[in-house]
Each structure stands twice: as C-alpha cells, then as structure tokens.
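Everything below concerns the one structure shown next.
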Amino acid sequence: MNKGIFAIFFVVAVLSISFLCGASVSVTREVIYSGVVKPQKEISWREKINGSYYSGVLTISKYSYTTSQTVATYTGVLYKE
C-alpha cells in the first residue's frame with residue numbers, strides 16, 4: 001500500500017513539474033519615452049514568445065536621459081497566459 005501511494009505522489013510531482021516548465025520567463029525590456037520624463041516605477045507588459053502570450057508586471061531597474069528621450073530599462077517575470 002505504501003509503495004502505491006508513493007508511486008502516485010511521484011507521478012503527480014513529475015506531471016506538475018512538466019506543466020510548470022515554460023510557464024514563466026524572466027525578461028529585461030527597454031522602453032523609450034519621448035521627451036525628458038520621469039518613467040513609471042512599474043509597467044504592465046504583454047508579449048508573444050514562441051507562439052504563446054506572456055504577461056506580467058515589470059519593475060524599473062535604471063533609466064537615463066538624452067536630449068529628447070528617456071530610456072528606461074525594466075525587468076521582471078512574465079507568466080504564460
């Protein structure tokens with residue numbers, strides 16, 4: 001009986017891991033704003049990766065100014081929809 005229960009838990013664990021693989025991806029994205037502005041600390045992000053849509057909230061990691069633009073770098077985790 002104990003071997004049967006162990007086998008069931010093992011199969012459930014393996015299936016859970018296989019479903020979670022590819023369920024999220026860490027990204028770094030650059031956003032260019034027109035003009036010299038203070039960029040948002042967090043932004044919602046959605047994009048298509050390898051045929052599937054991923055979305056999440058990205059947090060600013062750095063930003064800089066040029067004469068006519070603000071370049072902001074955001075990082076975070078996107079989750080498969």
Side-chain angles (χ1 to χ4, degrees):
M1 184 68 136
N2 288 339
K3 288 181 181 180
I5 292 173
F6 176 76
I8 291 171
F9 281 124
F10 180 77
V11 170
V12 169
V14 169
L15 289 175
S16 296
I17 291 170
S18 66
F19 284 122
L20 290 173
C21 290
S24 66
V25 61
S26 295
V27 298
T28 299
R29 298 294 182 256
E30 196 172 83
V31 177
I32 299 174
Y33 295 96
S34 179
V36 177
V37 298
K38 185 170 182 178
Q40 299 176 22
K41 292 182 180 181
E42 294 182 334
I43 58 172
S44 294
W45 194 266
R46 183 176 189 253
E47 69 179 81
K48 193 173 187 178
I49 301 173
N50 295 328
S52 297
Y53 283 98
Y54 290 75
S55 61
V57 175
L58 304 182
T59 304
I60 196 162
S61 59
K62 65 181 179 178
Y63 64 94
S64 62
Y65 300 115
T66 67
T67 55
S68 62
Q69 295 178 331
T70 302
V71 180
T73 302
Y74 292 90
T75 60
V77 177
L78 300 178
Y79 298 94
K80 194 172 189 178
E81 296 179 353

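Heavy atoms only: backbone and side chains are in, while hydrogens, waters and symmetry mates are out.
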- Query: Got a sec, which residues hit salt bridge (charged side-chain N to carboxylate O under 4.0 Å, His left out) with Glu30, two or more places apart in sequence or on another chain?
  - Reply: none

- Taken to the nearest 0.5 Å, the spacing of Glu81 CD from Tyr54 OH works out to 10.0 Å

- Got a second to check how far Thr28's OG1 is from Tyr74's OH, nearest 0.5 Å? 13.0 Å

- If you group Ile, Leu, Val, Met, Phe, Trp and Tyr by side-chain heavy-atom gaps below 4.5 Å, do Tyr65 and Ile60 land in one group? yes

- Message: I'd like to know if the side chain of Thr70 reaches the main chain of Val37, judged simply by a donor and an acceptor atom lying under 3.5 Å from each other, with no hydrogens or angles considered.
- Response: yes

- Query: Any sub-3.5 Å donor-acceptor pair from Thr73's side-chain atoms to Ser61's backbone N or O?
  - Reply: no

- Transitive ILVMFWY side-chain link Tyr53 to Tyr79, under 4.5 Å: no

- Task: Could I get the full list of side chain to side chain donor-acceptor pair (under 3.5 Å) partners for Tyr63, not counting sequence neighbours?
- Result: none

- Item | Approximate separation, where rounding is to 0.5 Å, of Gln69 CD and Ser34 OG | 7.0 Å

- Message: Please determine whether residues Ile49 and Val31 belong to a single hydrophobic cluster, defined as Ile, Leu, Val, Met, Phe, Trp and Tyr linked transitively by side-chain heavy-atom distances below 4.5 Å.
- Response: yes

- Message: Evaluate Leu58 against Leu78 for side-chain contact (heavy atoms from CB on, under 4.5 Å), listing each step before the verdict.
- Response: CA-CA 8 Å; Leu58 304 182; Leu78 300 178; 4.0 Å; yes

